[in-house]
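Convention: sequence-line order gives letters A, B, ...; per-chain numbering from 1. Please read these numbers as outputs of a predicted model, since none were measured by experiment.
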2 protein chains.
Amino acid sequence: MFEVQSHLTGTWVRGKREHPLFDPSSEERVGTAWCDPPLEGVLEAARAAGPGLRARSFGERGAMLDALSKTLRNHREELIDVSIRATGSTRADAKFDIDGGIGTMAYYAGIGSKLGNKRSLVEPGEALTKDPRFYGMHLWVTRPGVALHINAFNFPAWNLAEKLSVAILAGVPVISKPATSTSILAHRMAQIIVESGVLPQNAFQFLVGKADGILEALGPQDHIVFTGSASTGAKLRQTSAVVHRSTRLNIEADSLNSAWLLPEVAPGSEVYQAFMRDVIKEITQKAGQKCTATRRIFIHRSIIDTLQSELIEGLEGVRIGHPSLEEVHVGPLATRDQVLEFHRGVEALIGSGARLVFGDPKKVHPIGVPEGKGYFVPIILLRADNPKQSDAVHQIEVFGPCATLCPYDSIEEGGELICKGDGSLVASIYGEERESLRRALDAIAPFHGRMLVVNPKVVGKTISPGTVLPSCIHGGPGRAGGGEELGGERALRFYMQRVALQGDRAFLEQWEEGQ
Amino acid sequence: MFEVQSHLTGTWVRGKREHPLFDPSSEERVGTAWCDPPLEGVLEAARAAGPGLRARSFGERGAMLDALSKTLRNHREELIDVSIRATGSTRADAKFDIDGGIGTMAYYAGIGSKLGNKRSLVEPGEALTKDPRFYGMHLWVTRPGVALHINAFNFPAWNLAEKLSVAILAGVPVISKPATSTSILAHRMAQIIVESGVLPQNAFQFLVGKADGILEALGPQDHIVFTGSASTGAKLRQTSAVVHRSTRLNIEADSLNSAWLLPEVAPGSEVYQAFMRDVIKEITQKAGQKCTATRRIFIHRSIIDTLQSELIEGLEGVRIGHPSLEEVHVGPLATRDQVLEFHRGVEALIGSGARLVFGDPKKVHPIGVPEGKGYFVPIILLRADNPKQSDAVHQIEVFGPCATLCPYDSIEEGGELICKGDGSLVASIYGEERESLRRALDAIAPFHGRMLVVNPKVVGKTISPGTVLPSCIHGGPGRAGGGEELGGERALRFYMQRVALQGDRAFLEQWEEGQ
């Protein structure tokens with residue numbers, strides 16, 4: 001049995017609230033999360049870790065990340081096993097989460113090494129008056145606060161590691177709160193991090209359960225980074241720290257991501273096939289439990305029936321079952337609640353403008369699992385014949401293997417439909433002609449944090465749209481929360497203050513050099 | 001009599017709520033603000049102005065700003081007269097507001113000209129995988145929303161112009177809401193802008209009175225830019241648009257700005273004299289009604305008595321009176337409410353750790369004004385002998401000619417005291433030795449949006465710390481609202497979405513070129 005505890009102020013602490021944890025594939029009890037430990041001294045401990053961390057250079061902090069990522073890599077097989085058992089991930093999905101986390105950490109180690117001895121980031125300056133000596137420049141300096149990371153259940157390893165990497169590289173101590181439901185894997189990660197001794201004392205704390213006591217005490221130099229539902233995001237926006245003390249808050253929330261096949265792409269072409277591959281992957285990978293998964297599929301009306309048949313054919317080949325089996329592509333959802341939520345979402349879509357074209361919500365027969373056991377759901381493909389009239393299709397994110405086909409008649413209409421999502425993390429656009437690609441990008445760019453563009457020149461060379469690379473920003477406007485994570489060096493700025501410096505050029509440049 | 005109306009959906013509209021306006025120097029009624037006009041169609045009109053504005057390049061939008069700034073400059077003398085009569089500004093203070101606004105507009109016209117034919121901003125890209133063709137880059141594109149500008153009473157001309165300049169250059173239509181109390185000057189500005197015909201229809205609307213109807217209807221691509229009190233800022237943060245729809249919000253609020261004389265600066269030295277000049281200017285300019293005015297003055301304990309005497313001597317030479325008189329340095333506050341607020345603030349400070357060392361709150365004898373008339377307040381200098389024990393000194397912003405002297409014993413202690421302000425717009429640091437300047441900057445940088453550093457190399461060449469240059473960001477963390485305005489091109493990004501593009505390098509670069 002896994003015993004999930006918190007690591008606070010230098011020791012492992014067992015909270016009083018017992019939260020039972022189950023293997024999503026068998027529904028067997030596999031452990032307990034001991035939630036809501038006492039929080040006395042936690043914030044103070046994090047604050048005390050600040051000066052030491054900030055005194056180090058980016059290069060030194062990057063070296064810590066490098067050491068950490070190597071330590072985690074040494075535990076990779078064990079982590080994958082934990083992930084399969086405790087989160088219901090297939091081996092491929094477990095690797096996606098764990099290798100993604102370790103890789104992001106190694107990437108930020110590299111950014112640190114590149115930034116070297118510096119502790120601040122500088123922007124090009126300029127003379128402020130006619131006298132060249134009176135100079136202005138903008139410098140980013142690390143804020144002397146802490147970071148509260150509130151992670152999502154679907155990527156317990158990646159979410160912990162990517163958030164931690166950025167904060168540590170920026171020089172900010174972290175209190176990392178996993179989603180309780182998948183905390184077994186996060187807890188094992190935390191154990192490895194703590195046992196490695198790489199990070200300075202209390203630069204990393206691990207809090208299982210409620211963080212309200214910390215949230216209420218955050219101040220103007222502190223940070224909250226949240227991944228999760230829009231409703232929890234809205235609550236965080238209304239906390240006294242954010243409203244009255246300008247505590248920085250980054251939100252990554254709901255997102256109705258789109259895959260868009262442009263009208264000129266003919267069935268059977270290379271771009272068409274790439275589209276089909278990506279769509280199937282995005283519906284099924286991690287059992288659709290990805291904030292970046294494709295939820296809406298936009299197809300020109302003239303070929304939507306053809307494509308639908310082919311897509312269904314492809315989906316029919318996808319095997320749902322026990323995630324430990326090699327032949328299985330899709331494992332269970334993470335919890336029973338997620339299953340209920342999935343069915344509620346599918347019903348809501350069917351009740352408001354979408355119809356079922358593949359899968360039966362009531363029927364799922366996972367391979368290698370006793371009948372009726374496990375948090376399995378079927379793959380569901382819907383079709384909204386009049387997506388202009390249905391708001392639900394653009395607003396309800398079904399967090400599982402489910403997507404909705406939407407026909408469109410012109411690029412302009414396709415763009416308008418996609419924008420009805422009110423802001424998404426990612427859109428992928430598949431086209432062949434420069435002009436139609438251009439119009440498509442123009443139409444939807446400001447509604448997205450990221451756009452993958454597949455044309456004949458890169459077909460077969462691209463990553464699938466749901467893959468988050470550390471070098472590109474991750475976040476999106478509106479419904480997606482309006483935040484930004486990752487994006488290489490860009491991400492560090494969330495933890496830094498931009499300050500305009502005005503004064504003697506020679507002095508300022510020298511000071512900056514010493515930073 | 002001035003009749004202040006709104007300009008909405010292409011026509012001047014008179015709201016139903018009558019708000020009387022007075023000459024702050026004489027308390028004579030000078031006009032009426034007709035508040036709370038019907039808001040039907042206002043947001044739609046702004047939205048309809050978007051596509052035309054966004055279709056233009058930065059260069060074309062910059063040319064509009066250039067034409068507007070020239071038109072406003074042609075009305076400069078008239079605007080100055082209005083400012084003196086309707087806001088109680090001296091001629092010098094009126095120029096600070098009006099020339100500042102026109103100058104900022106001309107500055108952004110220049111940025112537009114520099115950006116030329118482009119409509120987006122690009123960041124350097126990189127290959128995403130081993131194949132150099134699969135490329136990643138980050139592009140900033142204008143968000144297809146509108147901007148609601150909520151301006152402060154103290155800079156009716158500058159605040160309107162600087163916010164408008166940035167939004168228009170970014171390609172975003174504006175609904176500009178002046179503070180009602182000083183709306184006469186803002187209204188005259190709006191008239192000139194509207195009559196010039198420079199901006200496309202409804203790219204600029206002017207709303208006098210409540211904006212609740214607009215606020216409630218803002219969406220995920222819209223923007224609120226607010227300058228004013230922390231309490232109104234907190235309310236804005238809790239609006240449904242911001243909480244539930246990720247409407248972007250920039251806040252510039254309370255700020256307890258500091259002037260810091262470092263221990264090595266000897267009385268009588270050049271740096272010392274520059275400090276004295278700046279402090280007197282910051283206490284008295286605009287009668288202290290500047291968000292960037294110095295509120296806290298940090299002096300090494302060994303010379304604070306000497307400095308206090310000299311400062312008092314300087315303040316004794318400052319003449320309060322009717323702002324139309326040439327010999328007057330300090331005019332009245334803008335409203336009776338501000339006078340009451342000023343006295344409440346001074347009392348609160350005196351009641352919690354500060355003592356009066358110059359000025360008598362009960363006595364003010366303005367030159368050229370009938371006894372007892374006008375919204376005049378005396379210049380008040382306070383001293384907090386134990387500033388570590390007094391929170392009020394670091395938290396209560398008295399918005400008038402009032403500042404508090406604070407002794408400190410070491411640079412570290414001085415830094416800690418300054419940071420007790422919990423985030424400010426600006427700090428000015430006056431020193432002679434590189435090492436002590438370095439320590440001072442290190443201690444307070446992340447708590448500020450801007451720092452002016454005066455050393456012997458630039459003494460006499462610097463601007464005073466309260467002057468906001470368009471090339472440097474304006475804003476500050478924590479209590480100051482956590483926002484950023486201005487800062488040259490940087491400011492445009494508030495109205496733009498950063499989108500990560502992944503795809504064929506040649507295609508992406510070509511698309512970006514066409515943007």
Side-chain angles (χ1 to χ4, degrees), chain A residues 126 128-129 131 133-134 136 138 141-144 219-221 234 237-238 242-246 248 422-423 434 437-438 441 445-446 448-455 457-458 461-463 469 471-473 477-479 481-482 484 487 497-504 506-508 510-511 514, chain B residues 126 128-129 131 133-134 136 138 141-144 219-221 234 237-238 242-246 248 422-423 434 437-438 441 445-446 448-455 457-458 461-463 469 471-473 477-479 481-482 484 487 497-504 506-508 510-511 514:
Chain A
E126 59 186 314
L128 295 178
T129 57
D131 191 317
R133 206 145 204 179
F134 184 49
H138 289 77
V141 292
T142 297
R143 288 156 51 97
Q221 295 280 337
R237 283 203 173 113
Q238 295 172 83
V242 174
V243 169
H244 295 290
R245 298 191 291 281
S246 304
R248 280 201 188 156
D422 276 346
R434 183 174 300 162
L437 278 165
R438 191 193 60 69
L441 265 72
H448 292 89
R450 183 163 59 85
M451 298 197 295
L452 171 71
V453 187
V454 180
N455 70 359
K457 294 283 171 56
V458 288
K461 296 170 177 171
T462 60
I463 50 162
L469 295 179
S471 56
C472 295
I473 58 159
R479 186 184 309 282
E484 270 187 6
Q497 172 66 33
R498 174 149 62 180
V499 52
L501 294 170
Q502 303 174 323
D504 167 28
F507 168 74
L508 291 181
Q510 237 166 8
W511 179 61
Chain B
E126 58 186 312
L128 294 178
T129 56
D131 191 318
R133 209 149 201 174
F134 184 49
H138 289 76
V141 293
T142 297
R143 287 156 51 99
Q221 294 280 336
R237 282 202 175 116
Q238 295 171 85
V242 173
V243 169
H244 295 290
R245 297 190 292 280
S246 303
R248 280 200 188 157
D422 275 345
R434 181 172 304 161
L437 278 164
R438 191 193 61 69
L441 266 73
H448 292 89
R450 183 163 59 85
M451 300 197 295
L452 172 71
V453 187
V454 181
N455 70 359
K457 294 281 169 58
V458 287
K461 296 170 180 173
T462 60
I463 51 162
L469 295 178
S471 56
C472 296
I473 57 159
R479 186 185 307 283
E484 271 189 6
Q497 171 66 34
R498 173 150 60 181
V499 52
L501 294 170
Q502 303 175 323
D504 166 29
F507 167 75
L508 291 180
Q510 238 167 6
W511 178 62

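In this structure, chain B has a heavy atom under 4.5 Å from the side chain of A:N455, while its backbone stays farther away. Only the side chain of B:F507 comes within contact range of chain A, with heavy atoms under 4.5 Å apart. Only the side chain of B:Q497 comes within less than 4.5 Å of a heavy atom in chain A; its backbone stays farther off. Residue B:R143 touches chain A through both its backbone and its side chain, counting heavy-atom pairs closer than 4.5 Å. Of the two parts of A:L441, the backbone and the side chain both hold a non-hydrogen atom closer than 4.5 Å to a non-hydrogen atom of chain B. Proximity to chain A involves both the backbone and the side chain of B:D422, based on heavy atoms less than 4.5 angstrom apart.
With contacts defined as side-chain heavy-atom distances shorter than 4.5 Å, the pair B:V453/A:W511 does not qualify.
The distance from the CE atom of A:M451 to the CD atom of B:Q502 is 10.5 Å, given to the nearest 0.5 Å. Separating the OG atom in A:S471 from the CD atom in B:E126 is a distance of 4.5 Å, to the nearest 0.5 Å. Here the NZ atom belonging to B:K457 is positioned 5.5 Å from the CZ atom belonging to A:R133, to the nearest 0.5 angstrom. The CD atom of A:Q238 lies 5.5 Å from the NE2 atom of B:H244; values are rounded to the nearest 0.5 Å.
Comparing B:G449, B:A234, B:P144 by how many heavy-atom pairs each has under 4.5 Å with chain A, the most go to B:G449. If you tally non-hydrogen atom pairs under 4.5 Å between each of A:R479, A:R434, A:R248 and chain B, the highest count goes to A:R434. Contact count against chain B (heavy-atom pairs under 4.5 Å) is highest for A:P220 among A:G487, A:G219, A:P220. Listed options A:V458, A:V141, A:V242 were ranked by heavy-atom pairs under 4.5 angstrom with chain B; first place goes to A:V458. Taking chain B as the reference chain and counting heavy-atom pairs below 4.5 Å, the highest number among A:G423, A:P446, A:A445, A:G478 is found for A:P446. Comparing A:L437, A:L508, A:T142, A:T129 by how many heavy-atom pairs each has under 4.5 Å with chain B, the most go to A:L437. Chain A forms the most heavy-atom pairs under 4.5 Å with one residue out of B:A506, B:G503, B:P477, and that residue is B:P477. Of the residues considered (B:Q510, B:Q221, B:E484), B:Q221 shows the highest number of contacts with chain A, using heavy-atom pairs under 4.5 Å. Taking chain B as the reference chain and counting heavy-atom pairs below 4.5 Å, the highest number among A:T462, A:V454, A:L501 is found for A:T462.
In terms of heavy-atom proximity, A:C472 sits nearest to B:L128 at SG-CD2, 3.8 Å. Heavy atoms only, all atoms of each residue included: B:G482 and A:S246 are closest at N-OG, 4.1 Å.
Atom CZ of A:R438 is surrounded by more than 12 heavy atoms from other residues, nucleotides or ligands within 6.0 Å.
Using a distance-only test at 3.5 Å, with no hydrogens or angles considered, no donor-acceptor pair links the side chain of A:R450 to the main chain of B:A500.
In terms of the salt bridge (charged side-chain N to carboxylate O under 4.0 Å, His left out) criterion, residue partners of B:K461 (sequence neighbours excluded) are, by chain and number, A:D131.
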